[in-house]
Peer 1: 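The structure under discussion is supplied below as structure tokens; questions concerning it will follow.
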Amino acid sequence: MTEKENNAQHFLDLIRQSRRGKFKIYIGMSAGVGKTYRMLQEARTLLRNGVDIRIAYIETHNRAETHALLDGLPVIPRRELFYKGKALEELDMQAVLNLHPEVVVIDELAHTNIEGSKNEKRWQDVMEILEAGINVISAVNIQHIEGLQDEVKGITGVDVAERIPDLVLQQADEVVNIDLTADELITRLKEGKIYTADKIAVAMKNFFQPERILQLRELALKEVATQVERKIDSSLPRSAQARNERFLACISSNHLIAKKVIRKTARLSAYYQSKWYVLYVQTPREDGDRIGLAAQRHLINNFKLVMELGGEVIKVKSTNIAKSIMQTAEEKKITTICIGKPHLNVMGMLMNTAVFSQLLGKLSESDIDIIILS
């Protein structure tokens with residue numbers, strides 16, 4: 001691009017940004033903390049103040065006190081779809097776009113849409129609605145954040161199926177934590193304010209244990225604090241001497257470790273609001289006909305995860321991993337390289353090559369950091 005084209009593009013980006021709707025997310029440590037309740041309270045306040053607000057999708061879970069707040073609020077009817085012989089209801093994104101209210105409330109941000117919908121995920125619907133200039137209020141639980149999946153599984157022992165990329169949270173203009181103590185949440189559960197009576201005993205044996213609630217609560221508080229700090233940093237003028245961070249995650253076909261490296265690098269880049277890449281060096285040992293179909297499938301899924309989290313995948317064929325990392329770091333002006341623990345295949349191969357010392361020397365000269373992620 002010429003300088004003139006760059007200036008025009010920058011101005012166009014500013015225009016689009018100003019037209020984009022504002023995005024507010026209520027976040028909580030678990031179901032039952034009161035996210036939906038708070039969204040409906042806010043909707044009623046906005047309506048009283050003359051704001052054109054509509055309920056596009058809300059899930060009250062038949063909680064009486066939450067359901068009562070819907071009374072008198074304008075609701076956009078859901079669209080009905082038939083899937084596997086059943087009539088199901090979904091957010092009617094097109095109706096929202098056609099009506100173009102000032103604000104819409106859209107619950108269950110991590111929800112997976114019914115097959116046949118325009119978008120696979122509800123968060124993708126929300127992004128389109130925001131781009132149309134409509135303000136959105138939504139909600140999500142901490143366990144649905146993609147970059148936190150390793151921590152969440154460590155706490156709960158569960159692989160959460162429905163997730164949103166960290167990038168979605170970063171798009172929010174405001175993130176509000178709905179906080180309760182473990183005792184308060186368990187009391188609400190026992191009183192039948194979260195689940196029906198037949199589900200309470202099972203919930204208390206599994207998810208709703210005080211130690212798990214406390215850990216998830218800490219996770220939610222840290223996440224919101226990080227988002228607030230990021231917003232403060234982005235609103236303040238950057239020092240002219242501040243380094244423009246760029247991260248490079250190095251992975252192999254070891255999918256479990258690769259996934260951890262990807263998620264942690266994504267979170268680092270989110271904190272620094274920086275560009276990040278994932279480098280996969282395909283050595284002769286990892287040719288398509290040698291690593292097996294399962295490993296190939298996991299590799300493709302990890303590449304997809306990178307793109308969902310806002311990164312860029314770089315694939316290189318080489319017999320020398322260290323040299324490929326060095327070349328990529330130079331080409332992409334990388335400031336920090338992220339790799340797995342020493343038992344990772346990539347690290348083992350690096351340690352066994354004479355190029356590793358050259359790589360360290362080169363990176364040191366270039367003021368590039370290396371982070372070993374656990």
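These numbers come from the heavy atoms of this one structure, side chains and all, not from hydrogens, waters or symmetry mates. Count residues from 1 along the sequence.
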Peer 1: Linking I/L/V/M/F/W/Y whenever any side-chain heavy atoms sit under 4.5 Å apart, do Leu70 and Val136 land together?
Peer 2: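 Yes, Leu70 and Val136 fall within the same hydrophobic cluster.
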Peer 1: Evaluate the side-chain proximity of Arg217 to Ile142: yes if any heavy-atom separation is below 4.5 Å, no if none is.
Peer 2: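 Ile142 does not reach Arg217 side chain to side chain.
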Peer 1: Taking Arg44 for its side chain and Asp71 for its backbone only, find out whether a donor-acceptor pair lies under 3.5 Å.
Peer 2: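 Indeed, once roles are kept as given, a pair shorter than 3.5 Å links the two residues.
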Peer 1: Check whether any side-chain N or O of Thr226 sits under 3.5 Å from a backbone N or O of Lys222 as a donor-acceptor pair, and report yes or no.
Peer 2: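 Indeed, once roles are kept as given, a pair shorter than 3.5 Å links the two residues.
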Peer 1: Do side-chain atoms of Glu191 reach the backbone of Arg188 as a donor and acceptor pair under 3.5 angstrom?
Peer 2: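 No.
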Peer 1: If two hydrophobic side chains count as joined below 4.5 Å and joins carry through other members, does Leu169 share a cluster with Leu219?
Peer 2: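 As far as the 4.5 Å side-chain criterion goes, Leu219 and Leu169 are connected within one cluster.
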Peer 1: State which residue, out of Leu268, Leu309, Leu248, fulfils the side-chain contact (heavy atoms from CB on, under 4.5 Å) condition with Trp276.
Peer 2: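 Single pass found, and it is Leu309.
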Peer 1: In sequence, state the C-alpha distance, the side-chain angles, and the governing distance for Lys260 and Asp150, and then conclude on salt bridge (Lys or Arg N to Asp or Glu O under 4.0 Å).
Peer 2: CA-CA 7 Å; Lys260 288 182 180 180; Asp150 295 328; 5.6 Å; no
Peer 1: Identify the heavy atoms of Ile194 and Phe208 that sit nearest to each other, and give their distance.
Peer 2: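 Shortest heavy-atom separation between Ile194 and Phe208 comes out as CD1-CE2, 4.0 Å.
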Peer 1: With rounding to the nearest 0.5 angstrom, report the CZ to CG distance, Arg79 to Asp92.
Peer 2: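 Rounded to the nearest 0.5 Å, the CZ-CG separation comes to 6.5 Å.
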Peer 1: Using a 4.5 Å cut-off on heavy atoms from C-beta on, say whether the side chain of Met127 contacts that of Leu130.
Peer 2: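 Answer yes - side chains close enough.
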Peer 1: Within this structure, what is the CD1-CD1 distance for the pair Ile337 and Ile370, rounded to the nearest 0.5 Å?
Peer 2: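 That separation rounds to 5.5 Å.
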Peer 1: Quick check for you: to the nearest 0.5 Å, what is the distance between Ile186 atom CD1 and Thr181 atom OG1?
Peer 2: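 If I round to the nearest 0.5 Å, the distance is 8.5 Å.
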Peer 1: With Leu69 as reference, evaluate Met39, Arg63, Gln41 under the side-chain contact (heavy atoms from CB on, under 4.5 Å) test and give the passing residue.
Peer 2: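 That would be Gln41.
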Peer 1: Distance under 6.0 Å and angle within 45° of the ring axis: does Arg78 meet both against Tyr57?
Peer 2: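 Pair Arg78/Tyr57 counts as cation-pi.
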Peer 1: Decide yes or no for Ile25 and Phe23: does some side-chain heavy atom of the first lie under 4.5 Å from some side-chain heavy atom of the second?
Peer 2: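 Yes, at least one pair of side-chain atoms sits under 4.5 Å.
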Peer 1: Considering only NZ, NE, NH1 and NH2 on the basic side and carboxylate oxygens on the acidic side, decide whether Lys22 and Glu174 come within less than 4.0 Å.
Peer 2: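 Not counted as a salt bridge, because no side-chain N and carboxylate O are separated by less than 4.0 Å.
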Peer 1: Could you pull out the closest heavy-atom pair between Glu65 and Tyr37, with the gap in Å?
Peer 2: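 Closest approach of Glu65 to Tyr37: O-CE1, 3.6 Å.
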Peer 1: Angle class for the His298/His255 ring planes (parallel below 30°, perpendicular above 60°, tilted otherwise)?
Peer 2: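 His298 and His255: parallel rings.
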Peer 1: How far apart are the C-alpha atoms of Arg38 and Thr66, what are their side-chain angles, what is the distance that settles it, and do they pass the side-chain hydrogen bond (donor to acceptor under 3.5 Å, both in side chains) test?
Peer 2: CA-CA 9 Å; Arg38 281 287 296 276; Thr66 305; over 6 Å; no
Peer 1: As a test of understanding, state which of Lys24, Lys35, Arg48 forms a salt bridge (Lys or Arg N to Asp or Glu O under 4.0 Å) with Glu42.
Peer 2: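 The option that passes is Lys24.
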Peer 1: I'd like to know if Val176 and Val51 are part of one continuous hydrophobic network [Ile/Leu/Val/Met/Phe/Trp/Tyr, side-chain heavy atoms within less than 4.5 Å].
Peer 2: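 Linked within one cluster.
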Peer 1: Nearest 0.5 Å please: distance from the CD1 atom of Ile325 over to the CD1 atom of Ile368.
Peer 2: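 Those atoms lie 11.0 Å apart.
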Peer 1: If we ignore hydrogens and angles and just use 3.5 Å, is the side chain of Asp107 paired with the main-chain N or O of Glu59 as donor and acceptor?
Peer 2: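 Yes, because the side chain of Asp107 sits within donor-acceptor range (under 3.5 Å) of the backbone of Glu59.
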Peer 1: Do Lys259 and Leu305 have side chains that approach each other closer than 4.5 Å (heavy atoms only, starting at C-beta)?
Peer 2: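 Side-chain contact under 4.5 Å: yes.
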Peer 1: Of the options Lys121, Arg122, Lys118, which is the one that meets Glu90 in a salt bridge (Lys or Arg N to Asp or Glu O under 4.0 Å)?
Peer 2: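 Filter result, single survivor: Arg122.
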Peer 1: Evaluate side-chain contact (heavy atoms from CB on, under 4.5 Å) for Thr187 paired with Glu184, printing each intermediate quantity in order.
Peer 2: CA-CA 5 Å; Thr187 298; Glu184 287 171 329; 5.7 Å; no
Peer 1: Within the structure provided, determine whether Thr328 and Tyr277 are in side-chain contact (heavy-atom separation under 4.5 Å).
Peer 2: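 Sidechains of Tyr277 and Thr328: no contact.
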Peer 1: Does Asp52 reach the side chain of Val103, with side-chain heavy atoms less than 4.5 Å apart?
Peer 2: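 When only atoms from C-beta onward are counted, Val103 and Asp52 do not touch, as no gap falls below 4.5 Å.
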Peer 1: Determine whether a donor-acceptor pair (N or O, by modelled atom type, separation under 3.5 Å) exists between the side chain of His100 and the backbone of Ala132.
Peer 2: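 Yes, because the side chain of His100 sits within donor-acceptor range (under 3.5 Å) of the backbone of Ala132.
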Peer 1: Give a yes or no answer on whether the side chain of Gln149 reaches the backbone of Gln143 with a donor-acceptor pair at less than 3.5 Å.
Peer 2: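 Side chain of Gln149 to backbone of Gln143: a pair is present.
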Peer 1: For Asn320, does its backbone N or O pair with a side-chain atom of Ser318 as donor and acceptor, under 3.5 Å?
Peer 2: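 Judged by distance alone, yes, a pair lies under 3.5 Å.
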Peer 1: Distance from Arg263 atom CZ to Asp166 atom CG, nearest 0.5 Å?
Peer 2: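 If we round to the nearest 0.5 Å, Arg263:CZ and Asp166:CG are 9.5 Å apart.
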Peer 1: So, for Cys338 and Val261, which heavy atoms are closest and what is the spacing to 0.1 Å?
Peer 2: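 Nearest pair, atom of Cys338 first, then Val261: O-CG1, 4.0 Å.
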Peer 1: Glu102 versus Arg54: any side-chain heavy-atom pair under 4.5 Å?
Peer 2: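 No, their side chains stay 4.5 Å or more apart.
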Peer 1: Can you tell me if Ser138 uses its side chain to pair, donor with acceptor, with the backbone of Ile106 under 3.5 Å?
Peer 2: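 Between the backbone of Ile106 and the side chain of Ser138 there is a qualifying donor-acceptor contact (under 3.5 Å).
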Peer 1: Can you give me the closest heavy-atom contact between Ile257 and Gly340, atom names plus distance?
Peer 2: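 Answer, listing the atom of Ile257 first, then Gly340: CG2-CA, 4.5 Å.
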Peer 1: If you draw a 6.0 Å radius around CD in Glu115, do more than 12 non-hydrogen atoms from other residues or ligands fall strictly inside?
Peer 2: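 No, the 6.0 Å shell around CD holds no more than 12 heavy atoms from other groups.
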Peer 1: I need the minimum non-hydrogen distance between Ser252 and Leu299, along with the two atoms involved.
Peer 2: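 Taking every non-hydrogen atom into account, O-CD1, 3.9 Å.
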Peer 1: Say whether, by atom type as modelled, one donor and one acceptor occur between the side chain of Glu162 and the main chain of Thr112 under 3.5 angstrom.
Peer 2: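 Confirmed, Glu162 side chain pairs with Thr112 backbone.
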Peer 1: Okay, side chain of His144, backbone of Ala110: is any donor-acceptor separation there less than 3.5 Å?
Peer 2: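 No.
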Peer 1: Once rounded to the nearest 0.5 Å, what's the spacing between atom CG of Asn113 and atom CG of Leu81?
Peer 2: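 Rounded to the nearest 0.5 Å, the CG-CG separation comes to 9.0 Å.
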Peer 1: Kindly give the heavy-atom pair with the smallest separation between Ala31 and Leu185, and that separation in Å.
Peer 2: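 Minimum heavy-atom contact is O-CD1, 3.9 Å.
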Peer 1: Carefully, step by step, assess Lys275 and Phe247 under the rule side-chain contact (heavy atoms from CB on, under 4.5 Å).
Peer 2: CA-CA 7 Å; Lys275 196 166 180 61; Phe247 292 89; over 6 Å; no
Peer 1: Given side chains that start at C-beta, do those of Ile164 and Val140 come closer than 4.5 Å, heavy atoms only?
Peer 2: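 In contact.
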Peer 1: Around His67, counting heavy atoms of other residues, nucleotides and ligands shown, do more than 12 lie under 6.0 Å from its NE2?
Peer 2: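 No, because the 6.0 Å sphere around NE2 of His67 holds 12 heavy atoms or fewer from other groups.
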Peer 1: Among Glu223, Glu151, Glu146, which residue satisfies the salt bridge (Lys or Arg N to Asp or Glu O under 4.0 Å) criterion with Arg267?
Peer 2: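 By the salt bridge (Lys or Arg N to Asp or Glu O under 4.0 Å) criterion, Arg267 pairs with just one of Glu223, Glu151, Glu146: Glu223.
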Peer 1: Under a 4.5 Å side-chain heavy-atom rule over Ile, Leu, Val, Met, Phe, Trp and Tyr, are Leu221 and Val33 clustered together?
Peer 2: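 As far as the 4.5 Å side-chain criterion goes, Val33 and Leu221 are not connected within one cluster.
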Peer 1: Check the pair Ile178, Ile27 against side-chain contact (heavy atoms from CB on, under 4.5 Å), reporting the backbone distance first and the verdict last.
Peer 2: CA-CA 6 Å; Ile178 305 298; Ile27 195 167; over 6 Å; no
Peer 1: Please identify which of these residues, Leu46, Val104, Asn135, meets the side-chain contact (heavy atoms from CB on, under 4.5 Å) condition with Ile53.
Peer 2: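 The single option meeting the side-chain contact (heavy atoms from CB on, under 4.5 Å) with Ile53 is Leu46.
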Peer 1: Decide if atom CG of Asp198 counts as having more than 12 heavy atoms of other residues, nucleotides or ligands within a radius under 6.0 Å.
Peer 2: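 Result for CG/Asp198: enclosed.
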Peer 1: Assigning hydrophobic clusters by single linkage (Ile, Leu, Val, Met, Phe, Trp, Tyr; side-chain heavy-atom cutoff under 4.5 Å), is Ile300 placed with Val313?
Peer 2: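 No; tracing contacts between hydrophobic side chains, which count when under 4.5 Å, never links both residues.
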Peer 1: Might you work through the side-chain contact (heavy atoms from CB on, under 4.5 Å) test for Ile137 and Tyr26, ending with a clear yes or no?
Peer 2: CA-CA 8 Å; Ile137 300 172; Tyr26 282 101; 3.9 Å; yes
